[in-house]
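Predicted model only: the values in this text are computed from it and were never measured.
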Amino acid sequence: SLFQLKLWNKYRVSNIPSLIFIDASTGKVVCRNGLLVIRDDPEGLEFPWGPKPFSEVVAGPLLRSNGQTLDSSALEGSHVGVYFSAHWCPPCRSLTRVLVESYRKIKEAGQKFEILFVSADRSEDSFKQYFSEMPWVAVPYADEARRSRLNRLYGIQGIPTLIVLDSKGDVITRQGRVEVLNDVECREFPWHPKPVLELTDSNAVQLNEGPCLVLFVDSEDDGESEAAKQLIQPIAEKIIAKYKAKEEEA
């Protein structure tokens with residue numbers, strides 16, 4: 001029915017079963033990954049399972065691929081890319097190759113940036129092999145509870161996913177993968193979402209994220225596409241501002 005379809009769209013459900021917890025008094029989503037919650041907390045000790053700050057969920061030792069450990073507090077004051085990935089997944093491996101270059105460019109430009117690898121590998125050996133190619137930090141593979149809490153915090157439904165956080169730990173974009181592939185020179189880092197985008201192969205995935213307005217223009221005529229952009233830019237900005245004021249995703 002139309003009502004069912006609206007619910008699927010509202011909560012961006014792309015696979016089933018999905019279990020989403022909502023605060024009935026405000027209508028806000030408390031947790032997108034309800035299935036992980038009831039697997040990790042069958043006794044309900046952490047109820048009502050609301051989102052916790054990133055710094056609290058990530059708290060503990062982190063690894064470097066040379067075997068060094070450091071405390072998660074070392075991430076404070078930096079932009080952080082939380083990278084959900086695994087060696088068995090080919091799109092993950094190809095993104096990792098691009099990401100290594102992006103990471104290097106951003107660091108060389110003097111930006112405070114760190115990437116945190118959250119592994120979905122199927123064994124410790126596979127994790128170690130994959131992590132050896134990465135110049136950043138990781139949650140220890142053995143700490144399954146912390147890896148799962150990070151998956152829950154961001155409602156991860158598939159990999160590779162790169163969530164970019166600001167220096168306070170708030171989400172700038174969930175579309176880090178698209179941004180990295182679209183902006184190989186990292187000129188737009190830290191990739192604040194743009195109200196109007198040009199549709200490309202790599203960002204078409206956003207059509208699944210919610211309602212979209214797609215405007216077709218004659219690409220031969222550059223003036224026309226620029227005029228079209230200026231026409232919809234203020235409308236898009238207004239919609240984004242409205243959702244921001246409600247503290248909801250647009």
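Checked against side chain to side chain donor-acceptor pair (under 3.5 Å), Gln233 has the following partners two or more places apart in sequence or in another chain: Glu237. Remark: Ser72 pairs with no residue by the side chain to side chain donor-acceptor pair (under 3.5 Å) rule, at least two apart or across chains. For Phe21, the ring-ring contact (aromatic ring centres under 6.0 Å, His included) partners at least two apart in sequence or on another chain are Trp49. Scored by the side chain to side chain donor-acceptor pair (under 3.5 Å) test, Asp170 finds no partners at all (sequence neighbours excluded). When the salt bridge (Lys or Arg N to Asp or Glu O under 4.0 Å) test is applied to Lys107, the partners found at least two apart in sequence or on another chain are Glu114. Applying the ring-ring contact (aromatic ring centres under 6.0 Å, His included) criterion to Tyr141, with sequence neighbours excluded, gives Phe127.
Annotation: Lys128, atom NZ; neighbour count of heavy atoms from other residues, nucleotides and ligands within 6.0 Å does not exceed 12. Around CG of Leu5, the count of heavy atoms belonging to other residues, nucleotides or ligands within 6.0 Å exceeds 12. The local environment of NZ in Lys246 is crowded, with over 12 non-hydrogen atoms from other residues, nucleotides or ligands closer than 6.0 Å. Within 6.0 Å of NZ in Lys52 there are more than 12 heavy atoms belonging to other residues, nucleotides or ligands. Other residues, nucleotides and ligands place more than 12 heavy atoms under 6.0 Å from the CG atom of Asn66. Other residues, nucleotides and ligands contribute more than 12 heavy atoms inside 6.0 Å of the CD atom of Glu133.
Judged by distance alone, the side chains of Thr96 and Tyr130 do bring a donor and an acceptor atom under 3.5 Å apart.
To the nearest 0.5 Å, the span separating CG on Leu162 from CZ on Arg177 amounts to 10.5 Å. Summarising the geometry, atom CG belonging to Leu99 is positioned 4.0 Å from atom CD1 belonging to Ile115; distances are rounded to the nearest 0.5 Å.
Counting heavy atoms from C-beta on, the side chains of Pro17 and Leu35 come closer than 4.5 Å. In this structure, Cys186 and Gln111 have side chains that are not in contact, with every pair of non-hydrogen atoms separated by 4.5 Å or more. Between Tyr154 and Asn33, the closest side-chain pair of non-hydrogen atoms is not below 4.5 Å. The closest side-chain heavy-atom distance from Pro140 to Arg146 is below 4.5 Å. Between Val178 and Thr173, the closest side-chain pair of non-hydrogen atoms is not below 4.5 Å. Between Leu116 and Leu150 there is a side-chain heavy-atom pair separated by less than 4.5 Å. The shortest side-chain heavy-atom distance between Val171 and Phe54 does not fall under the 4.5 Å cut-off. Looking at Leu197 and Asn182, their side chains never come closer than 4.5 Å, going by heavy atoms from C-beta outward.
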Self-check item: Full working for side-chain hydrogen bond (donor to acceptor under 3.5 Å, both in side chains) between Asp71 and Ser73
Solution: CA-CA 5 Å; Asp71 190 73; Ser73 59; 2.9 Å; yes
Exercise. Run the numbers on Arg152 and Glu46 for salt bridge (Lys or Arg N to Asp or Glu O under 4.0 Å), then give the verdict.
Key: CA-CA 13 Å; Arg152 270 162 46 191; Glu46 291 176 39; 3.0 Å; yes
Self-check item: Test side chain to side chain contact (heavy atoms under 4.5 Å, CB included) applied to Phe84 and Ile163, step by step
Solution: CA-CA 8 Å; Phe84 297 86; Ile163 310 266; 4.1 Å; yes
Practice problem: Begin from the C-alpha positions of Leu207 and Val214 and carry the test side chain to side chain contact (heavy atoms under 4.5 Å, CB included) through to its verdict. | Solution: CA-CA 9 Å; Leu207 295 172; Val214 184; 4.0 Å; yes
Self-check item: From CA spacing to verdict: side chain to side chain contact (heavy atoms under 4.5 Å, CB included), Asp121, Phe131
Solution: CA-CA 10 Å; Asp121 289 289; Phe131 186 41; over 6 Å; no
Self-check item: CA sep, side-chain torsions, deciding dist, call: Glu108, Lys105, salt bridge (Lys or Arg N to Asp or Glu O under 4.0 Å)
Solution: CA-CA 5 Å; Glu108 279 173 5; Lys105 284 176 189 156; over 6 Å; no
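Side chain of Ser102 to main chain of Val98: a donor-acceptor pair is present (N/O by atom type, distance under 3.5 Å, no hydrogens or angles). Remark: side-chain polar atoms of Asp40 are not paired, donor with acceptor, to backbone N or O of Ala145 under 3.5 angstrom.
Under the 30°/60° scheme for interplanar angles, the aromatic rings of Trp136 and Tyr103 are found to stand perpendicular.
In plain terms, the two heavy atoms of Val100 and Pro135 that are nearest each other are CG2-CD, 3.9 Å.
Of the residues listed (Phe113, Trp191, Phe189), the one engaging His79 in a ring-ring contact (aromatic ring centres under 6.0 Å, His included) is Phe189, and it is the only one.
Residues Phe117 and Val80 do not share a hydrophobic cluster, defined by chaining ILVMFWY side chains whose heavy atoms lie under 4.5 Å apart.
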